[in-house]
Every structure is written in C-alpha cells, then in structure tokens.
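Contents: one structure, followed by commentary.
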Protein chains: 2
Amino acid sequence: MKNLQIQIEVSTELYCKNPDSSELGRKIISTSIEMINEMGFESFTFKKLGIAINSPESSIYRYFKNKQTLLIYLTSWYWTWTEYRLVLATTNVKSPAERLNKCIEIITQPVEVDDDISYVNEVLLSEIIFSESLKAYHTKNVEEKNKIGSFKSYKSVVQRVSDIVMEINPLFEYPHMLISTVIEGAHQQKYFAEHLPALTDKIKDKNAITTFYKELINQTLNIK
Amino acid sequence: MKNLQIQIEVSTELYCKNPDSSELGRKIISTSIEMINEMGFESFTFKKLGIAINSPESSIYRYFKNKQTLLIYLTSWYWTWTEYRLVLATTNVKSPAERLNKCIEIITQPVEVDDDISYVNEVLLSEIIFSESLKAYHTKNVEEKNKIGSFKSYKSVVQRVSDIVMEINPLFEYPHMLISTVIEGAHQQKYFAEHLPALTDKIKDKNAITTFYKELINQTLNIK
DNA sequence: CAAAAACGATAGTAATACTATTATATTTGT
DNA sequence: ACAAATATAATAGTATTACTATCGTTTTTG
C-alpha cells in the first residue's frame, strides 16, 4: 500500500519540456535535488549541474527557463505530493481535531523515508523545502509567477488544512493565517535550530517543533 | 520627548568604514534604503547606488564589503533601534501581560512615522525589514556571519520579549520559538497579504495581523 | 601647512545567467 | 525499414554582476 506509484502532475507553466518525459529530464531533477541540498540554492548553477550530469548547460535550459523556475517546480511537486499525503492520512478519520493533528504533523516535519521508486528523493526534497522554499516566492516577480499558477499546490494545501480549522471552529477569523504561520514557522524554526539557535529553544527531542505548533493550534482553537 | 536624538551603535564588524562618520556614508545609507524599497534587494546593486548618489562604485566598497553586509547593517540598525522602542514602551509598566502586549504591537507593526531628524528613514527601513530582512540570514554563510555577531541585536530583541513571556508563564518551554514565530510570521503575513493573498485572510483593518498574533499569544500563554 | 586619509575616475576580472548555432544522434510515424 | 521530426552535444558568445586595483586630486586634521 505504501509503495503504490502515484503520478505527480506539475503545471505545464513550470517547465519548457516536461522533465518527467525523458531520461535527461529525470536526471536534471534528481541531481539538482542532491546539489541544492549539498551547496544551497544560491551556489547551485545550471553550469555546475551540467558538469555533474555530463550535459551541456544549454540542454538544461530546454527543460527549465531558469533556476528559479526549477525551484518553483520542485516546491510545486512537493506540495502536490504532500496534499496526497494529507488526503491519505485523513480519510476515514472522523474527528476533525484528529485530522488536524495529523495534518500538522505532516506539514511541520521533514520527510524521513524515501519510497525509493521514483527519481525524486523525497527526503532530500523536503530538506530543500524546509531550508530554501521561501526563496521561490520571495522575489521581485512573485505576482507574475503567482498569476500563472506557480504556487497553486502550496495554496491548495493551506486551503485544505484551513478547511479543517473552520470545521472545528467556524467562527475563527484567521484560519489561513494560522496555517501558513505554522508551515512557515516550522521551516524557520528548523533552520534556526541549525544555524541561529538563539532564536529558538533547546530542542529536546526531534518532535519539539511539531509539539510546539500542535500546542499552539490547540490552544488557539480551544481544542480539548 | 519623542524627538530626542539617540545614537544607534552598529557593530564595527558590519562595515569597513563607519557610514555614520561622513556625508558620503550617510548618503549611502539613506539612498540605499530608498532604492531597496523601490526595486527590492535583488535588483539593487552598488553600481546603481553609485549612479544615484553620483559616486563611483568603488567608493561604496570602502564602506561596505558587499551588499549583503549592507543589508545586515540595516537590519542590525533596525533591531537596535527597536530595542530602544521596546524599552521605552515598557518601562514603568508593571503588568507583564501589558508589557508583552506592547512589545507584540511594536514587533508586528511596520513603523508609521519618521522622526525626520536622522538620515535614516525609519518608515522605509521598517518596510525593508518586513519584506527583505530574511534575506540577511538565509544565505550559505549564516553561521560565519553569526559568529562575528551580525545578528546580535535581533537575538537581543527576541531574548527581551522572551523574558517577559517567562515572567508570565515560567513553565512555558518554548518562549524563543513563540517570539521568533510571531516576528517572522508578522513579516510574512504582511508580504502574503500584498503578494499571495490566498495564504492569508482578508485583512479587515490594518491591525488584523497584530490582533491575530496577540490572540495567539494570549491563548498560548493562558493570559486573561 | 605638511602628512594622512578620503574620494573620484577609470580599468579590469571572474563568474553568472543566459542565447544562438550547428552537427550528430535518437526517436517515431508510416 | 526509412525518411522526417525531434532531442542532444559541442561550442561560442553576450550582458550583467560583484567585485579588485591603480592613481591622481581633494579634503581633513594634527
């Protein structure tokens, strides 16, 4: 059941040629995920990627307009995949509070096991999302990118979890604010723990961040 | 009382030559604040700044090693200044809950009036902090920058507000997480409201974000 | 008023983020 | 099986960015 193959569809606006459609395309995705993880998004370039996969830079440009679009592609893939995970984890769970709890776990924790089937390493990809995804939408051309649907899958995840919040507390005025605060917060806190520990607290166990945001939500929505 | 001049001291590690010490230095600061606001940090370059202030690019490099360091200088200035504002707003307020409330207002709202005395336009600077400051520490060399004290003033603000949280609820385990979540969250929500509204909620009045985070904190700490 | 420091003007470099061209290899429709 | 279409490799080239270096002139300061 765990290993059934699902096909992640990414909006056609996010690539020139679908990387899923060829060997080279898949190599571009899998290798870029590894490289961005190792060197960070700024240091990563198409030239370096070309050398790593033994293809000229110009071939990569046939798949992606530029490296920002590649990052958006990756985040889009991640959030589409994550929405599947949310659906899977919440179907047949009656209690909305329990469903919300499950969702918070999924959105606040990096992925720990790769399914080993596709060319996308989900563990490394989730690391990228946690540490680099905000660079996908913190640019001068956000609105343009947003207009062509670049952030649709992320927004969809926020909407889905917000819907559960509204189910629990229909009078709560800021469900989207709450959920995007939790998602972005969880990413940041992990980053702080690794690089700027003074901005966060001693992480006793690896679930501390999830625990914190669960509590935050339960208190805010008066659950239990 | 409002207009008494305070001298903001920025760590000497953050500049080559103190921009506060010369006409050119002050022009670099005031003009870069305007330009970063207008065009965003990515589009801003020392070459463009040089043209704007009618000085060669190389003169700017005599003050700042590079544009990232300039951004860190600006954020450092802002947080040092903000800590003064926090002190001013909380001295002689006995109730810690009331002090915390005041602090949340200050850290979640952009500045609205400039003191018109110094060469630093605080209104524009706070806009930069809200929309661009995360770029100051989201780089490959964060730890190196952190080691030389680049983020000291930001950490100091987080610490100060966390101390109030601990005063209110000494058993609360995650005061720094809570406060940095609120600061970063407020910045992001403002950005979302402007560029990606689906990730936030209808902002009825301009204090909606502050209201949201005040409530979040009050609920989390069981205040009132 | 002499020495030091700051500034302006100009030039130059390596890296980045692309675009363009053309020959070769591979796929695919019939 | 083969011609046509498509994909890729190889190479070259451009504009911009992020600097560094040099040097003559002005300004400051002890």
Side-chain angles (χ1 to χ4, degrees), chain A residues 12-32 35-36 38-74 119 132 135-136 138-141 144-145, chain B residues 12-32 35-36 38-74 119 132 135-136 138-141 144-145:
Chain A
T12 57
E13 303 278 356
L14 293 177
Y15 50 76
C16 307
K17 179 166 154 52
N18 192 342
D20 197 35
S21 72
S22 78
E23 191 56 41
L24 180 61
R26 289 186 290 270
K27 223 158 95 184
I28 287 170
I29 298 301
S30 60
T31 309
S32 65
M35 290 180 77
I36 292 170
E38 273 164 33
M39 60 180 67
F41 184 64
E42 287 126 277
S43 299
F44 168 78
T45 70
F46 278 4
K47 185 163 208 177
K48 289 177 189 168
L49 175 58
I51 291 165
I53 63 173
N54 240 299
S55 276
E57 207 183 346
S58 53
S59 291
I60 301 161
Y61 278 101
R62 249 182 263 113
Y63 287 85
F64 294 100
K65 215 171 152 278
N66 50 52
K67 74 166 180 171
Q68 195 217 352
T69 309
L70 170 58
L71 181 61
I72 294 176
Y73 177 95
L74 293 178
Y119 55 96
E132 315 274 2
K135 290 167 191 168
H138 259 96
T139 52
K140 48 200 144 123
N141 59 347
E144 187 195 320
K145 290 281 170 188
Chain B
T12 58
E13 303 278 355
L14 292 176
Y15 51 75
C16 307
K17 181 167 153 52
N18 192 342
D20 198 38
S21 72
S22 77
E23 191 57 38
L24 180 61
R26 290 186 290 270
K27 224 159 95 184
I28 286 171
I29 298 300
S30 60
T31 309
S32 64
M35 290 180 78
I36 292 171
E38 274 164 34
M39 60 179 69
F41 184 64
E42 288 127 276
S43 299
F44 168 78
T45 70
F46 278 4
K47 184 163 209 179
K48 290 176 188 169
L49 174 59
I51 291 165
I53 64 174
N54 240 299
S55 276
E57 208 183 345
S58 54
S59 291
I60 300 161
Y61 279 99
R62 256 184 245 112
Y63 287 86
F64 293 100
K65 214 171 152 276
N66 51 50
K67 76 168 178 168
Q68 196 216 352
T69 309
L70 169 58
L71 182 61
I72 294 176
Y73 177 95
L74 294 178
Y119 55 97
E132 315 274 1
K135 291 166 191 169
H138 259 96
T139 52
K140 50 202 142 130
N141 58 348
E144 186 196 322
K145 289 281 171 188

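Letters go in sequence order (proteins before strands), and every chain restarts at 1.
The shortest heavy-atom contact between B:Tyr63 and B:Asn18 is CE2-O, 3.9 Å. The two residues A:Ser32 and A:Leu74 have their closest heavy-atom pair at OG-CD1, 4.5 Å.
In this structure A:Tyr73 satisfies the ring-ring contact (aromatic ring centres under 6.0 Å, His included) test together with A:Phe64, sequence neighbours excluded. Applying the ring-ring contact (aromatic ring centres under 6.0 Å, His included) criterion to B:Phe46, with sequence neighbours excluded, gives B:Tyr61. Residues meeting the side-chain contact (heavy atoms from CB on, under 4.5 Å) test with B:Ser43, sequence neighbours left out: A:Lys140, B:Met39, B:Lys48. B:Lys135 pairs by the salt bridge (Lys or Arg N to Asp or Glu O under 4.0 Å) definition with B:Glu42, B:Glu132, not counting sequence neighbours. For B:Phe41, the ring-ring contact (aromatic ring centres under 6.0 Å, His included) test picks out no residue, with sequence neighbours left out. Contacts of B:Thr31 classified as side chain to side chain donor-acceptor pair (under 3.5 Å), with partners at least two apart in sequence or in another chain: none.
Inter-axis angle, ends of the helix from C:dC1-D:dG30 to C:dT30-D:dA1, five pairs per end, rounded to 10 degrees: 30°.
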Listed pairs, N/O of protein and of nucleotides 21-28 of chain C, under 3.5 Å:
none

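Within the structure, every side-chain polar atom (N or O) of A:Thr45 is placed at least 4.0 Å from both OP1 and OP2 of C:dT16. For B:Tyr63, a side-chain nitrogen or oxygen approaches OP1 or OP2 of C:dC7 to under 4.0 Å. Phosphate contact (OP1/OP2 of C:dA15, side-chain N/O of A:Lys47, threshold under 4.0 Å): absent.
When atom types are taken as modelled, the side chain of A:Ser59 and the backbone of A:Ser55 share no donor-acceptor pair closer than 3.5 angstrom. Distance alone, capped at 3.5 Å, places no donor-acceptor pair between the A:Asn141 side chain and the A:Glu144 backbone.
Atom pair A:Gln68:CD and C:dC18:C1' shows a separation of 14 Å (rounding to whole Å applied). Look at CG on A:Leu70: it is 12 Å from P on C:dC18, rounded to the nearest Å. Whole-Å rounding puts the B:Glu57 CD to C:dG12 P distance at 15 Å.
Scanning DNA chain D 5' to 3' for nucleotides with an atom closer than 4.0 angstrom to a non-hydrogen atom of chain B gives a first and last hit of D:dA18 to D:dA21.
Base contact: B:Tyr61 has a heavy atom under 4.0 Å from a base atom.
Taking 4.5 Å as the limit, some side-chain heavy atom of A:Thr69 sits within range of a side-chain heavy atom of A:Lys145.
Contacts between residues 48-56 of chain A and DNA chain D, defined by a heavy-atom separation under 4.0 Å, are made by A:Ser55, A:Pro56.
Listed by first and then second residue, the salt bridge (Lys or Arg N to Asp or Glu O under 4.0 Å) pairs that reach into residues 56-68 of chain B come to none, sequence neighbours excluded. Pairs passing the salt bridge (Lys or Arg N to Asp or Glu O under 4.0 Å) check and including a residue from residues 17-29 of chain B, sequence neighbours excluded, read B:Glu23-B:Arg26.
If you find the closest nucleotide of DNA chain C to B:Ser22 and to A:Phe44, the one lying nearer the 5' end belongs to B:Ser22.
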